[in-house]
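Worksheet for the structure shown next.
Lettering follows sequence order; numbering is per chain, from 1.
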There are 2 protein chains.
Amino acid sequence: MPRTEIQNLELRDQRREQILIAALKVFSRRGMAATKISEIAKEAGLSHGLVYHYFKSKEEIFTLLVQRAAESAVQIIEKARLQEGTPLKKIKWMTEQILQGLSAGEQILLFLIMIQASTSDAVPEEVQHLFSSPEYKSPVNCLVPLIIEGQQCNEIIKEDPIKLAVSYYAFIQGFSISKLQWNQCPIPEADLIIKIFK
Amino acid sequence: MPRTEIQNLELRDQRREQILIAALKVFSRRGMAATKISEIAKEAGLSHGLVYHYFKSKEEIFTLLVQRAAESAVQIIEKARLQEGTPLKKIKWMTEQILQGLSAGEQILLFLIMIQASTSDAVPEEVQHLFSSPEYKSPVNCLVPLIIEGQQCNEIIKEDPIKLAVSYYAFIQGFSISKLQWNQCPIPEADLIIKIFK
DNA sequence: GTCTATAGGCTGATAGAC
DNA sequence: GTCTATCAGCCTATAGAC
């Protein structure tokens with residue numbers, strides 16, 4: 001009995017996801033240029049030919065993953081804003097979520113691919129456009145309003161909010177890297193980072 | 001009149017340095033794998049053949065640069081220890097030096113190549129050995145004694161010194177990346193970072 | 001849908017002329 | 001010391017069998 005249309009569509013999505021997850025793993029450790037399609041295929045447990053059946057090119061896969069990572073970076077901030085409590089409480093909550101996510105899982109891989117995508121020149125044009133486009137909501141920009149709110153209720157020090165946002169995000173990105181450099185490295189409590197706002 | 005032996009040696013060193021500086025520029029923006037020898041040659045203003053006259057391979061150039069970067073990372077900490085004042089004053093002085101160095105010059109390029117070398121799997125074996133060898137003095141390890149000193153004179157909070165060192169270094173690395181992502185990004189004062197020690 | 005075989009292009013590295 | 005021409009190997013992407 002042949003597969004139904006719906007089953008085929010499900011299989012298709014499943015395979016695509018399988019390849020994307022494998023690609024995320026390899027890209028985040030080796031970078032876009034050094035990653036070979038054969039490595040992605042091997043990680044996903046299928047032939048390299050099949051990868052090209054589901055995706056047009058290596059660049060397409062990379063770009064897709066970067067878009068996802070960018071979305072998820074902004075999402076966590078949006079989630080924080082919906083949280084109960086004062087602005088600083090929201091930031092603390094978010095920091096806890098992020099630090100926890102860094103400890104395990106693929107959350108850290110999304111961070112790493114974002115760092116690679118935004119710091120390397122050796123990425124597809126589409127990715128470069130993504131970051132330079134005016135619509136692009138950078139995590140720093142998303143964070144600024146929350147910081148200003150905190151300043152208005154005297155919870156956060158009266159310092160240039162952009163400077164504070166950049167510093168905060170630098171911390172987060174720095175930790176992702178530290179974790180990669182030294183997998184067992186101790187993770188600080190959210191309070192330690194929050195100090196920069198006081 | 002032919003060149004003397006000494007002039008030849010000078011020329012040789014000069015050319016090597018010229019190539020190394022060009023390579024640092026390209027590597028730090030494109031990574032080890034995505035960098036082509038022809039790009040290094042072009043940046044240095046000479047033919048690709050000549051690069052191979054001075055260096056055995058692309059990997060050799062990359063490894064050399066990483067070694068330099070590793071040395072310079074530790075050097076700044078050593079310099080700080082020789083400074084006058086209390087431990088926290090020394091750390092503050094060092095932070096000012098680093099933040100200033102990030103603003104311009106090739107100091108930031110050394111940071112970036114260190115980050116690449118220590119976070120990517122796509123680097124020469126020698127580089128991987130460098131970081132995993134027991135003799136390797138990581139910046140975090142070099143910083144710990146200074147932090148402990150500060151704790152002993154009640155200048156620094158009684159928190160796991162390794163955790164503090166990791167956090168400090170995470171910030172520094174994170175900031176290098178932020179600078180690359182957004183060249184005009186505001187630079188915080190050293191005091192803002194020092195807060196994590198209080 | 002999935003695989004294997006292979007074309008085509010690019011790049012690291014070398015050889016040899018000047 | 002410096003350059004240009006060239007080789008050899010690898011990797012992306014495709015074609016075609018099952």
- Query: Reading nucleotides 12-18 of chain C 5' to 3', which nucleotides get B (base under 4.0 Å from a protein heavy atom), which S (sugar-phosphate only), which -?
  - Reply: SBB----

- Integer-rounded Å distance: C:dT11 P and B:Met32 CE: 14 Å

- Query: For B:His53 and D:dG1, is the shortest distance between a side-chain N/O and OP1 or OP2 below 4.0 Å?
  - Reply: yes

- Message: Any non-hydrogen side-chain atom of A:Thr119 less than 4.5 Å from a side-chain atom of B:Gln116?
- Response: no

- Note on the structure: Considering only heavy side-chain atoms of B:Arg15, the closest of C:dT2, D:dT2, D:dC3 is D:dT2

- If you round to the nearest 0.5 Å, how far is CD1 of B:Ile115 from CD1 of B:Ile108? 8.5 Å

- Nucleotide C:dC3, atom P - distance to NZ of A:Lys42 in whole Å: 15 Å

- Interatomic distance where CD belongs to B:Gln14 and C1' belongs to D:dT2 [whole Å]: 15 Å

- Message: Would B:Lys195 and A:Ile157 count as a side-chain contact (heavy atoms from CB on, under 4.5 Å) here? Give the steps.
- Response: CA-CA 12 Å; B:Lys195 282 184 189 172; A:Ile157 189 176; 3.8 Å; yes

- Hey, are the side chains of A:Phe55 and A:Ile19 touching, using non-hydrogen atoms and a 4.5 Å cut-off? yes

- Have a look at the helix from C:dG1-D:dC18 to C:dC18-D:dG1 and give the angle its two end axes make, five pairs each, rounded to 10 degrees. 0°

- Atom OH of B:Tyr54 and atom C1' of D:dT2 are separated, to the nearest Å, by 8 Å

- Indicate if A:Ile21 and A:Leu46 have the same hydrophobic cluster label, given that clusters are the connected sets of ILVMFWY residues with side-chain heavy-atom separations under 4.5 angstrom. no

- Query: Near A:Glu126 CD, under 6.0 Å, is it more than 12 heavy atoms from other residues, nucleotides or ligands?
  - Reply: no

- Task: Check the surroundings of atom CD1 in A:Ile6: do more than 12 heavy atoms from other residues, nucleotides or ligands lie under 6.0 Å from it?
- Result: no

- Message: How many whole angstroms separate atom CG of A:Leu50 from atom P of D:dT12?
- Response: 16 Å

- Message: Within the 4.5 Å heavy-atom criterion, are A:Asn154 and A:Lys158 side-chain neighbours or not?
- Response: yes

